[in-house]
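Just follow the structure's listing: the first ligand is 1, and inside any ligand the first atom is 1.
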Amino acid sequence: MEILHKPDDVHQWVRAQRRSGAVIGLVPTMGFFHDGHLSLMRLAAKHVDTVVVSLFVNPTQFGPNEDLDRYPRDFERDMLMLRREEVAAVFVPRPELMYPPGFQTEVQVLHLTKNLCGRTRPNHFAGVATVVTKLFNIVQPDVAVFGEKDYQQLAVIRRMVADLNLPVRVIGGPIVREDDGLAMSSRNANLDRSHRVSALSLSTGLTLARELYQKGERDAAAIGAAVQRHILSFPHTAIDYVSLIDSKSLEPVQEADNDTRLALAVHIDGKVRLIDNGLLSKPPQER
Ligand code: PAF
């Protein structure tokens, strides 16, 4: 596996692969890999000949009081995990190569970014859209794979790709969960034992919403209120949002139907912000 640090080196390496006819796939990540990341790499490998992973904790998508410094990192462990996968190259740029002095360009997806995570993280998606555009330009992948756990991010990237005619096919990979239902996230590493229990309020909140939907409840406000009560019954939880949204437009709905998705963001002990989402119409026991 090639470990590449400079955008120009990636460019050249990918060009050589392409000359030999390879279809290229990119899995953008911020590292500290778990099975969720590995599932995205394996999904990419089903669609392309050559999988490239990028590993970059992108500073511009973190707000001033967010967890950039506490974001878990372990380069050696990540490389060991990557070597066991069908990954041909990893791009690990230093921030100063991605954002050299004088950098002043931003990509903004205007409407989809206002709701949900965008409400409390106002510059987050501009940071994501900009770095993903840069990664697409550096790697020039045919296919790019993103996780559905960051459902709004996936929608924003799909919108950006369509709006800017970027020649990349975007594929979403399903959420991967721990045995107890917790959606896998690098940030789970920052949960201690008692906070780990509180973190389960998200996935069990999703199960509760599905049970209510299954029993015939269609009033989005009633389902949302029940999920809020459930989450707040756990210690250390503070809700960022509990929203019932349409899966395509991401707009809030009043009456739930088979395309309605519950989207959640919850702070655990004020330190770790977790997100989760899922369709209400899936049976409660399904993940
Ligand atoms: O989902 C992530 O890990 C990041 O937001 C991404 C897409 C790698 C951009 O920094």
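Of the listed residues (Arg273, Arg187, Lys271), just one forms a salt bridge (charged side-chain N to carboxylate O under 4.0 Å, His left out) with Asp67, and that residue is Arg187.
With a 6.0 Å cutoff to the six-membered ring centre and a 45° limit on the axis angle, Arg73 does not count as a cation-pi contact of Phe32.
No donor-acceptor pair closer than 3.5 Å links the side chain of Asn258 to the backbone N or O of Leu279.
Between His230 and Phe234, the ring planes lie perpendicular to each other; the angle is over 60°, past the 30° to 60° tilted range.
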For ligand 1, find each of its N or O atoms that sits under 3.5 Å from a protein N or O atom, and tabulate the pairs with distances to one decimal place.
unit_1: ligand 1; atom_1: 1 (O); unit_2: Gln153; atom_2: NE2; d: 2.8
unit_1: ligand 1; atom_1: 5 (O); unit_2: Gln61; atom_2: NE2; d: 2.9
unit_1: ligand 1; atom_1: 5 (O); unit_2: Gln153; atom_2: OE1; d: 2.7
unit_1: ligand 1; atom_1: 10 (O); unit_2: Gln61; atom_2: OE1; d: 2.6

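Interatomic distance, CD1 of Ile157 versus CG of Leu112, reported as 11.5 Å (0.5 Å rounding).
Between Arg261 and Ser247 the shortest heavy-atom distance is NE-OG, 3.1 Å.
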